[in-house]
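Fair warning: this is a prediction, and the values are worked out from it, not measured in the lab.
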2 protein chains.
Amino acid sequence: MTRQRQVIADVLQKAGEHLDAAEVWRRARQQLPGLHLATVYRSLESLKKLGIIDELDLMHYRGTGHYYEARTNKDHIHFTCQRCGGVLEIQTSLFEKLKAQIEGRHGLAIRVARLELGGVCGSCASTENKTPHATA
Amino acid sequence: MTRQRQVIADVLQKAGEHLDAAEVWRRARQQLPGLHLATVYRSLESLKKLGIIDELDLMHYRGTGHYYEARTNKDHIHFTCQRCGGVLEIQTSLFEKLKAQIEGRHGLAIRVARLELGGVCGSCASTENKTPHATA
DNA sequence: ATTTTAGTTGCGAATTATTCGCAACTAGAA
DNA sequence: TTCTAGTTGCGAATAATTCGCAACTAAAAT
């Protein structure tokens with residue numbers, strides 16, 4: 001564990017949510033001015049393998065990049081509204097059940113689970129044809 | 001619906017599974033020699049919006065690219081073995097229940113659901129430290 | 001405390017993957 | 001038919017990510 005990785009993990013822990021590599025870089029450089037973007041990518045890769053962070057793409061609502069977040073004890077589901085871009089985090093015990101069922105049935109070990117949903121959120125459904133109100 | 005999109009959709013329907021944009025292009029050019037890769041990207045985007053195909057990244061087991069497959073009536077789950085790279089497709093009614101529960105609880109409409117799992121498959125778990133046997 | 005060593009970093013260049021701008025074309029509506 | 005909105009081919013451009021390499025550093029071994 002190098003200082004770089006600690007800072008990067010810390011940025012994600014404090015941020016709460018959904019930073020892309022470039023944004024992680026911007027924030028981490030406040031503690032580590034010389035930090036190189038390539039190091040951010042390499043560190044994100046390691047932290048991902050260590051199970052400390054998770055990677056998302058939020059249904060590619062903007063571009064093809066990826067987003068990162070600190071992993072919490074309970075996995076959560078990400079719903080991205082394809083109308084307004086808002087992201088909703090969802091938790092339910094059914095998700096845990098589903099994973100357990102799959103592990104049992106197929107004799108495999110799940111190390112990372114990513115459930116991403118896309119669709120139309122409640123407020124966009126009621127507010128038809130209105131200006132999108134971003135929340136990402 | 002242009003000829004290009006028909007051919008591209010067809011390639012994915014026949015392929016069964018998991019082609020990246022470049023591979024779709026290679027196959028589609030057999031019917032449409034002049035087809036441009038940019039058109040493949042644009043068509044995949046449209047077909048995705050139409051709900052005809054789905055996009056995956058298979059836990060980025062190889063590179064950052066994306067994979068596409070024809071959508072079937074029942075969504076399925078993709079498990080990628082992070083040891084051997086094999087991909088397992090899983091179907092279970094619990095997944096449908098989960099989606100229904102989320103729609104009900106949060107008052108939203110799910111248009112696309114992508115559940116990707118990563119971990120160690122049964123045969124890799126039993127065959128510890130052996131040569132990876134690719135299956136992707 | 002010092003040495004060793006495996007792994008990491010900064011750097012800039014390179015590679016992938018994807019998107020864009022634009023003029024020519026085409027599917028389908030009128 | 002004619003019109004029109006949307007699509008295509010093209011090559012150039014732009015992300016997003018990875019690489020090669022020499023200098024460093026954390027942690028294990030002495």
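Close to D/dT18, at under 4.0 Å from its OP1 or OP2, lies no side-chain N or O of A/Tyr41. OP1 or OP2 of D/dG9 sits under 4.0 Å from a side-chain N or O of B/Thr39. Using a 4.0 Å cut-off, some side-chain N or O of A/Thr2 falls inside it from OP1 or OP2 of C/dT9. In terms of phosphate contacts, A/His66 brings a side-chain nitrogen or oxygen within less than 4.0 Å of OP1 or OP2 of D/dT17.
Taking atom CD on B/Glu23 and atom C1' on C/dT16, their separation rounds to 17 Å, with Å as the unit. Atom CD in B/Gln6 sits roughly 12 Å away from atom C1' in C/dT26 (whole-Å rounding). Whole-Å rounding puts the B/His60 NE2 to C/dT16 C1' distance at 13 Å. The distance from atom CG of A/Leu58 to atom P of D/dA16 is 14 Å, rounded to the nearest whole Å. Atom P of nucleotide C/dT9 and atom CG of A/Leu47 are separated by 10 Å, given to the nearest angstrom. Distance B/Leu32 CG to D/dT8 P: 10 Å, rounded to the nearest Å. Whole-Å rounding puts the B/His36 NE2 to C/dA24 C1' distance at 15 Å. To the nearest angstrom, C1' of C/dG12 lies 16 Å from CG of A/Leu35.
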What do the steps show when you test A/Leu98 against B/Thr92 for side chain to side chain contact (heavy atoms under 4.5 Å, CB included), and what is the final call?
CA-CA 8 Å; A/Leu98 174 56; B/Thr92 160; 3.6 Å; yes
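Under 3.5 Å, the side chain of B/Arg42 and the base of D/dG6 form no donor-acceptor pair of N or O atoms.
Judged by the 6.0 Å distance and 45° axis criteria, B/Lys97 is not positioned over the aromatic ring of B/Phe95. For B/Arg27 and B/Trp25, the positive end is not near the middle of the six-membered ring at less than 6.0 Å and at most 45° from its axis.
Under the 4.0 Å criterion applied to side-chain N and carboxylate O atoms, B/Arg114 and B/Asp75 are not assigned as salt-bridge partners.
Side chain of B/Gln4, nearest nucleotide from D/dG9, C/dG10, D/dA27: D/dG9. The side chain of B/Thr64 lies closest to D/dT18, out of C/dG21, C/dT19, D/dT18.
Each of A/Arg5 and B/Gly65 lies near DNA chain C, and the nucleotide nearest A/Arg5 is the one positioned closer to the 5' end. Two residues, A/Ala38 and A/Ser43, neighbour DNA chain C, and the one matched to the more 5' nucleotide by heavy-atom proximity is A/Ser43.
Using a 4.0 Å cut-off on heavy atoms, none of the residues of residues 24-31 of chain A approach DNA chain C.
A distance of 12.5 Å separates SG in B/Cys81 from CG in B/Leu58, rounded to the nearest 0.5 Å.
Linking ILVMFWY residues whenever their side-chain heavy atoms come closer than 4.5 Å, directly or via other members, leaves A/Tyr67 and A/Ile52 in distinct clusters.
For the pair A/Ile90 and A/His76, the minimum side-chain heavy-atom distance is 4.5 Å or more.
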